[in-house]
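All remarks here apply to the structure that follows.
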Amino acid sequence: MRALVVGRIGIALVACLLTSRSLIADVLPATPDPHAGSEVARTCGGEPCDAVLRGLFAFFDGRLRGLDANGRSCADCHMVTDNFQLSPAAANARFKLLQWQRRWNPRADDPLFRPIDADDFRTNGENAADFSNLRENGLIRITFPLPSNIRLIDPATQLPSSETFVDLWRMVPTVNNVALTGPDGVNPSPRGPNNSGGYQLDARVATLQEQALGALLNHAKIQYPPPSRLLDDLASFQRVLFTNQRIRALAEAVAAGTTPLPNADPPLNVLEQQGKAVFERACTQCHGGPGQSTPQVPVIRLHDIATQCPRPVDAVTPARFAFKPCPTRLARNARTYEIMLTNGTTQRRTSSDPGRALLTGFVGGQPATDDWNKLDTPGLRGIGKTPPYFHNNSADTLEEVVDHYIEFFKRVQANVAPGVVPPVSSTNGVNFDRRPTPEEREPLLAYLRKL
């Protein structure tokens, strides 16, 4: 058995080293730490080399000795062959391979397909076997306790249920470039947790160690507390993962406090340069900073960008905005909630993912203080390599992402009071001038592919 486990880890490491330029070869040679005293410490990309190496092995280790886990490793969901994310295509290919293997070996296993991430887990428990969300959407289950002022509506009775938690379905983001994201201390939102950004799609954790612990508890289902060194090692490993060397150099400059920061863009042709100008006008008010994940003042930190299901529909004819509807495979994840507002009245809202409202319970009031459907701003570095997009993988291509935001800008303009021009849609507070024009769509796409 040990030989089998070691062989599996070895295969994974070989695949990792052969398919990704973002690992050990790129952070070597190690450099001495001038503050290490008589014992010269060796660092790899700013992290202790021994910690990076231990973190590398731990990332691919599904046995997690002494933790009594379910056989999953970090790499089972953050696939190195899929740019350290999990796409629906990769998940479905693995499921088909598993079914083919079981024709000859009924005990064949892929740790990705554990009952906890089956659609029917709440009804069938350990016998659950419907992996539709995982296979079709590339989504995993995330469970949240309900705030005291939010209740789920029973779809059968249309009455508030006695449920105390809700299951959401979210994508597995890449761990490339995480050294450039996370809490930034800039432009905080009105309330926590982590009101200046964090990790996970809703910024609910503040450190990579917390992120790793959450994954071990909720997805690997460890039964014993992990050593703190294991969490530190995983964090060190993730902090040396980058899409390319230009982004690595940018992260190192940020860490060193270097100014001015190096340009992380590759050489751009004329079309891509035009697209960069569009990006700076239309996108950087939210995707600002070195990690392209920091909203810039006066734009508020968090927005409902209408990626949840169901999508907003304009009540005016002809429609002033028109989002692409969610396909049935995603729309089925929506639930209806009853919210007790601060004035004592109740309101019902339907969403596939209420976002940070499940962390804060703040719903209602002005858009700036309503946490409904709001998530953290993700970084965009390497975005051309990580389709599909949004927290629920609802945009298959960058074209769909750009088209969605064009409708987002239209919706903002349609819904504001007369005379109000919010900074998310305006560069000067007077004109709604951030939305890309039809002629700017292709240049913007060309630039996004180069990030």
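Both backbone and side-chain heavy atoms feed into the values below; hydrogens, waters and symmetry mates do not. Because the structure is a prediction, the values reported are computed rather than measured.
Atom CG in L201 sits 12.5 Å away from atom CZ in F390 (nearest 0.5 Å). For the atom pair D110 CG and Q101 CD, the distance stands at 8.0 Å (nearest 0.5 Å). Atoms OG and CG, from S87 and N137 in turn, are 12.0 Å apart once rounded to the nearest 0.5 Å. One finds the CG atom of L56 at 5.0 Å from the CZ atom of F237 (value rounded to the nearest 0.5 Å). The structure places CD1 of I247 at 12.0 Å from CG of L241, a figure rounded to the nearest 0.5 Å. Interatomic distance, L302 CG to T369 OG1, rounded to the nearest 0.5 Å: 11.5 Å.
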Would you check, one step at a time, whether the test side-chain contact (heavy atoms from CB on, under 4.5 Å) holds for N92 with E136?
CA-CA 7 Å; N92 196 41; E136 297 174 8; over 6 Å; no
L445 vs E442, side-chain contact (heavy atoms from CB on, under 4.5 Å): CA-CA, chis, key distance, verdict
CA-CA 5 Å; L445 286 166; E442 287 307 315; 3.8 Å; yes
Please test V402 against L448 for side-chain contact (heavy atoms from CB on, under 4.5 Å), starting from the C-alpha separation and ending with a verdict.
CA-CA 10 Å; V402 170; L448 290 173; 3.8 Å; yes
Go through the steps to decide whether Q209 and D232 satisfy the test side chain to side chain donor-acceptor pair (under 3.5 Å), and finish with yes or no.
CA-CA 6 Å; Q209 286 88 339; D232 290 340; 3.0 Å; yes
Determine, stepwise, if the pair S73 / R63 fulfils side chain to side chain donor-acceptor pair (under 3.5 Å).
CA-CA 8 Å; S73 71; R63 57 182 177 167; over 6 Å; no
Could you please spell out the steps behind the side-chain contact (heavy atoms from CB on, under 4.5 Å) verdict for F323 and R411?
CA-CA 9 Å; F323 292 105; R411 183 189 182 218; 3.8 Å; yes
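In terms of the side-chain contact (heavy atoms from CB on, under 4.5 Å) criterion, residue partners of P443 (sequence neighbours excluded) are, by chain and number, L271, Q274. With sequence neighbours excluded, the residues that form a disulfide (SG to SG under 2.5 Å) with C309 are C326. Residues satisfying the side-chain contact (heavy atoms from CB on, under 4.5 Å) criterion with R229, sequence neighbours excluded, are R54, D233. Take E400 and apply the side chain to side chain donor-acceptor pair (under 3.5 Å) test, not counting sequence neighbours, and it matches K324. Taking D370 as the reference, R349 meet the salt bridge (Lys or Arg N to Asp or Glu O under 4.0 Å) condition, with sequence neighbours excluded. Scanning for side-chain contact (heavy atoms from CB on, under 4.5 Å) contacts around E252 gives R248, with sequence neighbours left out.
The closest donor-acceptor contact from the side chain of E407 to the backbone of H404 lies at 3.5 Å or more, if one exists at all. No donor-acceptor distance shorter than 3.5 angstrom exists from the side chain of N83 to the backbone of Q85, with no hydrogens or angles considered. Checked by atom type and distance alone, the side chain of R114 never pairs as donor or acceptor with a backbone atom of G71 at under 3.5 Å. Judged purely by atom type and a 3.5 angstrom limit, R434 has no side-chain atom pairing as donor or acceptor with the backbone of A282. Looking only at distances, no side-chain donor or acceptor of Q99 sits under 3.5 Å from a matching main-chain atom of K96. Between the side chain of N176 and the main chain of F84, no donor-acceptor pair closer than 3.5 Å is present. A donor-acceptor pair is defined here as one N or O able to donate and one able to accept, closer than 3.5 Å; such a pair exists between the side chain of R72 and the backbone of H219. Between the side chain of R281 and the main chain of S426, no donor-acceptor pair closer than 3.5 Å is present. Remark: side-chain polar atoms of R335 are not paired, donor with acceptor, to backbone N or O of V166 under 3.5 angstrom. Within the 3.5 Å criterion, the main-chain N or O of W169 finds no donor-acceptor partner in the side chain of D353.
A salt bridge (Lys or Arg N to Asp or Glu O under 4.0 Å) with D265 is found for exactly one of K450, K276, R449, namely K276.
Residue F121 qualifies as enclosed at atom CZ: its count of foreign heavy atoms under 6.0 Å is above 12.
Residues P290 and L261 meet the side-chain proximity criterion, which asks for heavy atoms closer than 4.5 Å. Side-chain contact between L359 and P193 is present, with at least one heavy-atom pair separated by less than 4.5 Å. With contacts defined as side-chain heavy-atom distances shorter than 4.5 Å, the pair L112/C77 qualifies. For the pair L398/Y389, a side-chain contact is recorded, criterion being any heavy-atom separation below 4.5 Å from C-beta on. When side chains are defined from C-beta on, R441 does not count as touching P436, because their heavy atoms never get closer than 4.5 Å. L231 has its side chain within reach of P226: a pair of non-hydrogen atoms, C-beta onward, lies under 4.5 Å apart. Within the 4.5 Å cutoff, the side chain of Y224 has heavy atoms near those of the D68 side chain. Taking 4.5 Å as the limit, every side-chain heavy atom of L134 sits out of range of all side-chain heavy atoms of L139.
Y405 and F409 have tilted rings, their planes meeting at an angle from 30° to 60° on a 0 to 90° scale. Ring-plane geometry between F59 and H78 is classed as tilted, the angle between the planes lying from 30 to 60 degrees on a 0 to 90 degree scale.
Pairs passing the side-chain hydrogen bond (donor to acceptor under 3.5 Å, both in side chains) check and including a residue from residues 191-201, sequence neighbours excluded, read R191-D371. The salt bridge (charged side-chain N to carboxylate O under 4.0 Å, His left out) analysis of residues 235-245, with sequence neighbours excluded, yields the pairs E47-R239. Pairs passing the side-chain hydrogen bond (donor to acceptor under 3.5 Å, both in side chains) check and including a residue from residues 118-127, sequence neighbours excluded, read D119-N133, D120-N124, R122-T143, R122-D167. For residues 193-202, every residue pair satisfying the salt bridge (charged side-chain N to carboxylate O under 4.0 Å, His left out) rule, not counting sequence neighbours, is listed here: R170-D202, D202-R204. For residues 285-297, no pair satisfies salt bridge (charged side-chain N to carboxylate O under 4.0 Å, His left out), with sequence neighbours left out.
Taking all atoms of both residues into account, the shortest heavy-atom contact from Y337 to L168 is OH-CD2, 3.9 Å. Nearest heavy atoms, R135 versus A91: CA-CB, 4.5 Å. Taking every heavy atom of both residues into account, F144 and I142 meet most closely at CE1-CG2, 3.3 Å. Contact between Q285 and V424 at its shortest, heavy atoms only, is NE2-O, 2.9 Å.
With ring centers used as reference points, F113 lies under 6.0 Å from F95.
Between the side chains of T307 and H391, at least one donor N or O lies within less than 3.5 Å of an accepting N or O.
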If you look only at distance, which donor and acceptor atoms sit under 3.5 Å apart when one is on a side chain in residues 291-298 and the other is two or more places apart or in another chain?
residue	atom	partner	partner atom	Å
T294	OG1	D184	OD2	2.7
Q296	NE2	T294	O	2.6

